[in-house]
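Accompanying notes for the structure given below.
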Protein chains: 2
Amino acid sequence: MILICRRYVITHRNRLTEHLNKKGLKMTPQRGVILDRFLDVEGHLSAEELYHLVRQSDPAIGQATVYRTVKLLAEAGIAKTVDFGDGVARYEPRFGTSHHDHLVCKKCRRQVEFVDPEIEGLQEKQARIHGFNLISHRMVLFGICPDCS
Amino acid sequence: MILICRRYVITHRNRLTEHLNKKGLKMTPQRGVILDRFLDVEGHLSAEELYHLVRQSDPAIGQATVYRTVKLLAEAGIAKTVDFGDGVARYEPRFGTSHHDHLVCKKCRRQVEFVDPEIEGLQEKQARIHGFNLISHRMVLFGICPDCS
DNA sequence: TCATGAGCTGATAATGATTCTCATTTGCAG
DNA sequence: CTGCAAATGAGAATCATTATCAGCTCATGA
């Protein structure tokens, strides 16, 4: 387990470094800390939430840096942007190629993740029909969870 | 055509009035103007854009009122909220039961609407699998349109 | 060795969409 | 009429995010 995590961390750190190099940017201690805290997390985080986690590791890191870094993580393909439409951008680690969408309870805000390759396929198809080259998508289903209904 | 439009307007106005009554609120001239301008439009509008349209009909109407009203329209089921993840809430008239999702070009921002009942069905299915009662969903596909690629 | 400069950082100001506040107005119920 | 609940417009407030800026770091080359 630890080995796997560590391997992911190393992979991700390399990937970030590579991405930074490509853009003429540098790997820094702050970016390292932010990456580590981010990868610890299971599920999604807002930049603000990540900022609070990061503070526990290094209180000197400013929130602007966290906002900047989390964008770099997204660019590098390490983070996936998730949007629930509440005006807050959330990010979640992208391990391997796994991908999923979200089901959100309108009452208690509880969230469930799911994957549906069939839907993915149909999305591809729709894009193709309209001559688009599909890059990404955003899908959130809203409903009432079993506990609330 | 005109008849159909007019019929929709009347239907929608009634629906709004009904919704307002249910909440102990009132139909007002301002709300009427905002509703009319909104229904004129083909496709989606931000509250800001709607505000500018409304000004042309009645410059005295304030933007706060437009923001408030557009929310009421959404509550009443007259408007559908569309979110492209760019921090601006957009709304579009909901005629009949027609529903569609969006395909957005990442370069030129051009938007195409599409409907895919198969996807809708699968979304229902996913919700059911997790015990959720599906209320709504948000799906936007991002890609590069034929002209840009 | 030391100067240089590109990039980085944190604090803070700025932005922009949206919401709130509040004094004033409107319009029906009694 | 009269009063009261709701509505309105103007502008302030909010909140997430982004821009600005002065100081810092560190590899490079003279």
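Residue numbering restarts at 1 for every chain, and letters A, B, ... go by the order of the sequence lines. All heavy atoms count here, side chains included; hydrogens, waters and symmetry mates do not.
Atoms OH (Y51(A)) and P (dT17(D)) sit 14 Å apart, rounded to a whole Å. Between K23(B) atom NZ and dA6(D) atom P the separation is 12 Å, expressed in whole Å. Computed from coordinates, the N21(B) CG to dA7(D) P distance equals 11 Å when rounded to whole Å.
Of the residues in residues 55-69 of chain A, A60(A), I61(A), G62(A), A64(A), T65(A), R68(A) come within less than 4.0 Å of DNA chain C through at least one heavy atom, sorted by number.
What you find for C105(A) and I144(A) is that their closest heavy atoms are SG-CA, 4.1 Å.
In this structure, E48(A) reaches neither bases nor backbone, as no heavy-atom distance under 4.0 Å exists between it and the strands shown. As judged by a 4.0 angstrom heavy-atom cut-off over every strand, K71(A) is placed among residues touching the sugar-phosphate backbone only.
A side chain to side chain donor-acceptor pair (under 3.5 Å) check over residues 125-134 of chain B, counting only residues at least two apart or in different chains, returns the pairs D116(A)-Q126(B).
Both K26(B) and A89(A) sit near DNA chain D, but only K26(B) has its closest nucleotide nearer the 5' end.
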When you look at L134(A) and L141(B), which way does the side-chain contact (heavy atoms from CB on, under 4.5 Å) test go after all the steps? CA-CA 7 Å; L134(A) 191 60; L141(B) 308 185; 3.7 Å; yes

When you look at I34(A) and V70(A), which way does the side-chain contact (heavy atoms from CB on, under 4.5 Å) test go after all the steps? CA-CA 8 Å; I34(A) 294 168; V70(A) 98; 5.7 Å; no

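Expressed to the nearest 0.5 Å, how far NZ of K71(B) lies from OH of Y91(B) amounts to 6.5 Å.
In terms of hydrophobic clustering, with Ile, Leu, Val, Met, Phe, Trp and Tyr side chains grouped at heavy-atom distances under 4.5 Å, L53(B) and V66(B) are assigned to a common cluster.
Distance alone, capped at 3.5 Å, is enough to place a donor-acceptor pair between the R31(B) side chain and the K26(B) backbone.
Proximity of the aromatic rings of H44(A) and F84(A) is defined here by a centroid distance below 6.0 angstrom, and this criterion is met.
Between dT25(D) and T28(A), no contact under 4.0 Å exists linking OP1 or OP2 to a side-chain N or O.
The shortest side-chain heavy-atom distance between F142(B) and V104(B) falls under the 4.5 Å cut-off.
Mapping heavy-atom proximity under 4.0 Å, the span of DNA chain C touched by chain B runs 5' to 3' from dA17(C) to dT21(C).
Counting only heavy atoms from C-beta on, L25(B) has its side chain closest to dA6(D) among dT17(D), dA6(D), dT8(D).
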